[in-house]
Amino acid sequence: MKDTTVLARCNLYAVLGAIPHLLKLDPEAAALVAKKNVKVGFSVKNGPKATLIFKNGEAEMVKGTEGCSIKLWFPSPEKFNALIDGTGTPIPVSGFHHIGFLLKEFTKLTDILSAYLRPEPEKLADPVFFERSTTLMLYVIGRAIVQIGNHDKVGMFSASNITDGKIKLGIGQDLAVAIHCQENHLLFNPAPNHRGVTSSMTFADLKTARDLFDGNINAIAAVGMGQVRISGMVSQVDNINRILDRVAIYLA
Amino acid sequence: MRKINTYEKSRAAFERAVKVIPSGIYGHQGPAEGCYIPIEAFPLYSSKAQGTYLWDLDGNRFIDYMCAYGPNILGYHDPDVDAAAARQRAISDCTTLPNTVMIDFADLLVDTVACADWAFFAKNGGDTTTLAAMTARAYTHRKKIIFFKGYYHGVAPWTQKIDYAGVIEEDVMHNLYCEWNNFEQLAELFDRYKGEIAAIIAQPYMHGNFMDNQLPDEGFWQKVRKLCTDTDTVLIVDDVRAGFRLDLAGSDHYFGFEADLICFCKALANGYNVSALCGKDFLKNTVSSMSYTGSYWMSAVPFAAGIACIEKMKRLDLPRFLIEKGTKLTKGLIETSHKYGFDLRATGVPSLFYLRLADDPTLRLHQEWIAECVLRGVFFTNHHNHFINAALTDADIAETIEITDEAFAVLRDRHPV
């Protein structure tokens, strides 16, 4: 059971929210926007609103659409979700002189993102592609956990059982994101340090993470095999995992 | 220095298991339940057990403080219980007509358990909590059931939560939640859902996992009892985990009140598979009217084992004995922790004590210490209450303290002051 508004939040903040990470990982994607200074706003009626700010080959996403160069308006969460599914088209309501960016660079950018997030199986044989794809999935999942934990009815129940703290989700030694929980509200941290981590779930390596994300191995068995390590306040991890189960429902 | 255990055969068995069993080991004994951290410190399979000891596949011996998560109350392979079971097995077990040993067992429970006017037998604790909830709903014609947060009453969908896999909203839509020991909150729920609450279900004290165990505040249970009586609400005590380790007459008796329904399983027959719902007379007809049974629920061997177990527990005045042993052990553990500058806390009733190293709120230090104990032959788990059994000797307690001393020393070396 999916809530279309929550799905829109996941699509905006988690899927499109991965574009800043994409630009850091993929030189081709970064080159597309290297000289662009554009703010693309997404406004979903009865749903989320955010702006992707492109500047100097980097990007960031901020909430709201104030000050955007081009604004895309969606009459409903369903229409926005259709855009992400590739079955709908956006309606620009302002900034028409940036329509070229939208049709060219931005479209290419989202195509690259889709290629990483919904990869052709053979592409995963390329270790560079594999690493980028899996890394992006970690960011998308982390961001989606926050949206689902804060807005989905069942996800909110899980979040209500998380004590305050910082839950680190890592792959190997070098890659990690964190979910901060304060009074049952979740926040995403794409670059956590070790300070204040109250619990962690660490996948042994990219392959283990990938296999788990793709549902090819069982998470509980993986813990038993030592491929996934949990430590600290494991009730936090337990509840994050319950939200993670719902990420699969929303973004599978 | 103690030898450090290794678990090659356990690991190999687990690798074999995951190929043919979902998650390898499922449920509460599974390695992903948060009780075996880090996983490398723990064995996963046993080869044999005797008294208070458990041996793993690799030949490591453990002083076992999990007691099969409760059933082992007299010691593994207790000779009296095993002999009674063997005698009954030679006569009959699972047969077309039940054996009268079933009546003998019910008689004994009615004589033993303070609130019991009858006994209904099943196999697992969850069978009895579900029967208790159904009984309350059938008797009151109401839908809602109040749970205390941190509860565990089995794995039937109604006992789980909305975010658990396979549970749908309708399974839990009549569940209401209240903080343990918060009578005001409980009374508010009764005001808000006047005439809708079928039952309160609760463990005799809060012995949930991942948290210090909390005994009932003075007078709490008595107020709950009165509230249930005044509102014709059924009071269900889930004594599956604590049963017979506090009081042979039931943990409600230990805390000075009477449940309407009380659920037993774990320690009921020292590991033989039987559970029992006991209750007051006014609910007997309701239970009689219900469709509730199972293929092995009238098997005679566990009844014979249960009779022998209860009779022996009575002879030994077992709860007092277990509480004394648990007190001695936890006192020793706490003193040992202080010796190294650590702050170990033991909560709950000592016969099923819960441990937490309070020096680190993230619990990592606690997990490290538990791991060092297990690696040296004391089977603790990270965040579950532990259990005392009758076979535990003072020498076992002394050995446990010696091992935990070494574990604290390792911890202090690793984390100097």
Side-chain angles (χ1 to χ4, degrees), chain A residues 1 3 145 148-149 152-168 184 194-202 204 211-212 215-249, chain B residues 7 10-15 17-27 29-42 44-45 149-150 160-170 172 175 177 208-211 356 360-368 370-371 381-384:
Chain A
M1 281 126 343
D3 178 317
I145 284 171
I148 293 168
D152 172 75
K153 183 179 177 182
V154 176
M156 287 165 70
F157 180 85
S158 304
S160 76
N161 290 313
I162 302 177
T163 49
D164 287 0
K166 181 175 171 183
I167 304 113
K168 192 172 87 169
N184 311 122
H194 188 70
R195 279 199 307 278
V197 171
T198 47
S199 61
S200 61
M201 177 165 65
T202 307
D211 283 344
L212 279 162
N216 293 331
I217 59 174
N218 173 265
I220 295 171
V223 172
M225 303 284 276
Q227 297 165 305
V228 176
R229 297 188 166 281
I230 54 175
S231 70
M233 295 173 68
V234 287
S235 63
Q236 290 181 327
V237 176
D238 183 44
N239 284 296
I240 287 290
N241 272 329
R242 295 188 191 286
I243 302 174
L244 191 56
D245 286 344
R246 296 195 64 72
V247 172
I249 294 170
Chain B
Y7 308 114
S10 264
R11 300 289 160 240
F14 189 75
E15 283 179 28
V18 294
K19 292 174 186 162
V20 289
I21 299 171
S23 76
I25 304 170
Y26 41 75
Q29 294 184 335
E33 286 296 297
C35 281
Y36 302 158
I37 301 172
I39 190 70
E40 287 78 8
F42 291 83
L44 296 175
Y45 292 92
K149 289 179 183 175
Q160 300 204 32
K161 294 173 186 139
I162 193 171
D163 57 346
Y164 282 39
V167 174
I168 57 173
E169 190 172 1
E170 287 80 358
V172 294
N175 294 0
Y177 306 105
N209 304 335
F210 307 109
M211 62 171 91
R356 179 174 66 91
D360 172 16
T362 74
L363 304 173
R364 283 196 177 84
L365 202 63
H366 177 78
Q367 289 158 3
E368 274 188 51
I370 294 287
T381 56
N382 299 123
H383 308 297
H384 192 289

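Computed from heavy atoms alone, side chains included, the values below leave out hydrogens, waters and symmetry copies. Letters A, B, ... are given to chains in the order of the sequence lines, protein chains preceding strands, and every chain is numbered from 1.
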Please test A/Ile240 against A/Ile162 for side-chain contact (heavy atoms from CB on, under 4.5 Å), starting from the C-alpha separation and ending with a verdict.
CA-CA 8 Å; A/Ile240 287 290; A/Ile162 302 177; 3.9 Å; yes
Look at B/Glu15, B/Met211, B/Arg11 and state which one has the largest set of heavy-atom pairs under 4.5 Å with chain A.
B/Glu15
So for B/Tyr36, is it side chain, backbone, both, or neither that comes closer than 4.5 Å to the heavy atoms of chain A?
neither
Under a plain distance cut-off of 3.5 Å, with no hydrogens placed, do A/Arg229 and A/Thr202 share a side-chain donor-acceptor pair?
no
Short side-chain donor-acceptor distance under 3.5 Å, B/Gln367 and A/Ser231:
no
Which bit of A/Val228 comes within less than 4.5 Å of chain B, counting heavy atoms only: side chain, backbone, both or neither?
neither
So for atom NZ, which belongs to B/Lys149, do other residues, nucleotides or ligands contribute more than 12 heavy atoms lying within a distance under 6.0 Å?
yes
Sort out for me which of B/Glu33, B/His383, B/Glu169 touches chain A most, counting heavy-atom pairs under 4.5 Å.
B/Glu169
Could you tell me whether the side chain of A/Thr198 and the main chain of B/Thr362 form a donor-acceptor pair under 3.5 Å?
no
Heavy-atom proximity to chain B below 4.5 Å, by part of A/Asp238
neither
Chi angles and distances behind the side-chain contact (heavy atoms from CB on, under 4.5 Å) call for A/Ile167, A/Asn239
CA-CA 11 Å; A/Ile167 304 113; A/Asn239 284 296; over 6 Å; no
Between the CD1 atom in A/Ile230 and the CD atom in A/Gln236, the distance rounded to the nearest 0.5 Å is 12.0 Å
N/O donor-acceptor pair under 3.5 Å between B/Tyr7 side chain and B/Ala41 backbone
yes
Interchain contact, B/Pro22 with chain A, by part (heavy-atom threshold 4.5 Å)
neither
Name the option with the most non-hydrogen atom pairs under 4.5 Å to chain A; the candidates are B/Ile168, B/Asp163, B/Ile21.
B/Asp163
Counting heavy-atom pairs under 4.5 Å with chain A, the top scorer among B/Phe42, B/Phe14, B/Tyr26 is B/Phe14
Report which part of A/Ser200 has an atom under 4.5 Å of a heavy atom belonging to chain B: side chain, backbone, both, or neither.
both
Side chain / backbone / both / neither for A/Ser199 at chain B, heavy atoms under 4.5 Å
backbone
Taking every non-hydrogen pair under 4.5 Å, which of B/Ile162, B/Ile25, B/Leu363, B/Asp360 racks up the most with chain A?
B/Ile162
